Amino acid sequence: MGLQRRADLAGAAHLELVSGVVQLRPQDAMVEAMLRGWRAQQAARGLRDDTVTARERLVRRFLEHTNEYPWAWTPGHVDEWSLWLTSEKHLAPSTIRSYQGSLRLFSEFLIDGRYSWAVACEDAFGTHPVAICHEWNTIAHLNDYEGRPEARPFTREEIQRFLDYADDQVDRAVRAKRKGALAAYRDATLFKVIYGWGLRRTETSKLDVVDFGRNAKAPQFGRYGTLNVRYGKAKKGQPPRRRNVLSVMDWAVEAVADYVENVRPRFGCENHPALWVTERGGRIKPAEINARFVAYRDALKLPKELTVHSARHAYVTHLTEDGVDRRFLQQQVGHENDSSTAIYTHVSDDFMNTMLHKALAPALAPTSADKDR
């Protein structure tokens, strides 16, 4: 019974290959059977379809790049491909490592004896797949954060200028009596929510009105005391991670309450669940958030290294400077590790000097002997 169960694993060669049929292009037929099997194996493990599809697309691109079949792949092909991704495509190390990870998973699937693909290739072509991704030819995950080194948070003065400018666009549209006043008001509030709750761009775009709720410990915020983020950043192949973010900035609560109660109804989308609706009755997309952000940033001539994500970094940095507990902030932004939160924190020199004085105070305090002199 144990042998039978192993032979019938989802993705096994005998389940995907059609026996007794002569293929006009047996190599291509084998590759397609392998990819079907890999898809079935991943589906059986509960992976999301978009994750499986992205991985398959990556393998097909590697096939095109090498112009070789999987049973002829060698570690040298990975070397050449990785060099091309670095020198020609100029991809980030984290992206290349992700690509290599998908390729490693496919390779390991093919050489796993439980699925019998190596035996099938040996029977058909007289050779078999081998491991092609090793520690010495792939990028190790050495850093918690591998984003662009120039990325940084907004300073307090910069975020104030940015939010003030967003508010000014509403006033200008109203005074000019032109279309776009509602959208400008929506966007001004949206940016305040990103900063006020430390959100990612995609998390923000997918918010619904009902995601706000009360917090018994902060009754002054009414129905906006907590925010249920349902589409937090997911781990590879996993569903989005949910988290509750407690409201801490009263001005941000006032802004979103005014928008929900007085402005959003004017879009005429009473039955739409989205917090951020468009004038055509849809949900705003992350790309639209980014486009409006870039327009405002460039109009203010702010540094181009500032991105939408810089507001999330600023949320962590500014609250840290204000003395908010680091563990609390870690939970607020949805980081599993404190090291990730630490990377988000770029406190000012004044804050660092204040902390230095506090740290040195016990050592510099006069002793009782000094007082007697």
Side-chain angles (χ1 to χ4, degrees), residues 1-91 95-139 236-239:
M1 290 296 291
L3 291 175
Q4 182 65 31
R5 281 196 296 271
R6 286 197 293 272
D8 286 341
L9 282 175
H14 79 280
L15 297 178
E16 302 298 334
L17 294 171
V18 180
S19 61
V21 176
V22 177
Q23 301 286 349
L24 294 177
R25 300 173 62 90
Q27 292 89 347
D28 292 341
M30 180 67 77
V31 170
E32 293 303 319
M34 287 174 166
L35 290 171
R36 284 198 309 273
W38 192 38
R39 177 177 284 276
Q41 183 244 21
Q42 294 176 91
R45 291 164 48 208
L47 271 68
R48 294 168 50 188
D49 186 65
D50 55 351
T51 298
V52 176
T53 300
R55 288 177 175 176
E56 180 179 332
R57 187 184 308 118
L58 188 281
V59 170
R60 290 186 183 277
R61 287 162 59 186
F62 185 73
L63 273 165
E64 293 177 3
H65 183 84
T66 62
N67 199 29
E68 295 282 359
Y69 294 109
W71 49 91
W73 288 347
T74 68
H77 288 122
V78 178
D79 284 335
E80 295 170 2
W81 180 62
S82 299
L83 179 61
W84 176 72
L85 293 175
T86 302
S87 60
E88 299 294 330
K89 304 297 287 183
H90 305 292
L91 299 183
T95 301
I96 297 174
R97 187 180 61 250
S98 175
Y99 287 177
Q100 291 171 342
S102 295
L103 195 59
R104 183 197 298 272
L105 290 173
F106 181 62
S107 175
E108 290 176 347
F109 165 71
L110 295 183
I111 65 177
D112 190 327
R114 295 174 298 172
Y115 298 97
S116 303
W117 286 105
V119 174
C121 289
E122 193 73 48
D123 291 343
F125 312 118
T127 185
H128 55 81
V130 298
I132 59 174
C133 294
H134 305 274
E135 290 185 6
W136 45 267
N137 71 339
T138 56
I139 299 175
K236 196 77 170 179
Q238 300 298 316

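It should be emphasised that the depicted structure is a prediction, and the values quoted were computed from it without experimental measurement. Keep in mind that the numbers below use all heavy atoms, side chains included, and drop hydrogens, waters and symmetry copies.
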Distance check, rounded to the nearest 0.5 Å: [X] atom [atom1] versus [Y] atom [atom2]?
X      : Y      : atom1 : atom2 : answer
Met30  : Phe125 : CE    : CZ    : 4.5 Å
Phe106 : Cys133 : CZ    : SG    : 11.5 Å
Cys121 : Ile111 : SG    : CD1   : 12.0 Å

Polar side chain donor-acceptor pair, Trp73 to Thr66, under 3.5 angstrom: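 Judged by distance alone, the side chains do pair up.
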Exam field: side chain [X] to backbone [Y], donor-acceptor pair closer than 3.5 Å:
X      : Y      : result
Ser107 : Leu103 : no
Asn137 : Ile132 : yes
Trp71  : Gly126 : no

Neighbour count >12 (heavy atoms, 6.0 Å) for atom CG, Asp50: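 Check passes, neighbour count above 12.
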By side-chain hydrogen bond (donor to acceptor under 3.5 Å, both in side chains), which residues pair with [X], not counting sequence neighbours?
X      : result
Glu122 : none
Tyr69  : Asp28
Arg36  : Glu16

Verdict with reasoning, Arg60 to Glu56, per salt bridge (Lys or Arg N to Asp or Glu O under 4.0 Å): CA-CA 6 Å; Arg60 290 186 183 277; Glu56 180 179 332; 3.1 Å; yes
If you define the side chain from C-beta out and look only at heavy atoms, does anything of [X] sit under 4.5 Å from [Y]?
X     : Y      : answer
Pro70 : Val31  : yes
Ser82 : Gln100 : yes
Lys89 : Thr95  : no

Whether Phe109 and Tyr115 hold their rings parallel, tilted or perpendicular, with breakpoints at 30° and 60°: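 Rings of Phe109 and Tyr115: tilted, as their planes differ by 30° to 60°.
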Thr53/Arg39 under side chain to side chain contact (heavy atoms under 4.5 Å, CB included): CA gap, chis, key distance, verdict: CA-CA 8 Å; Thr53 300; Arg39 177 177 284 276; 3.3 Å; yes
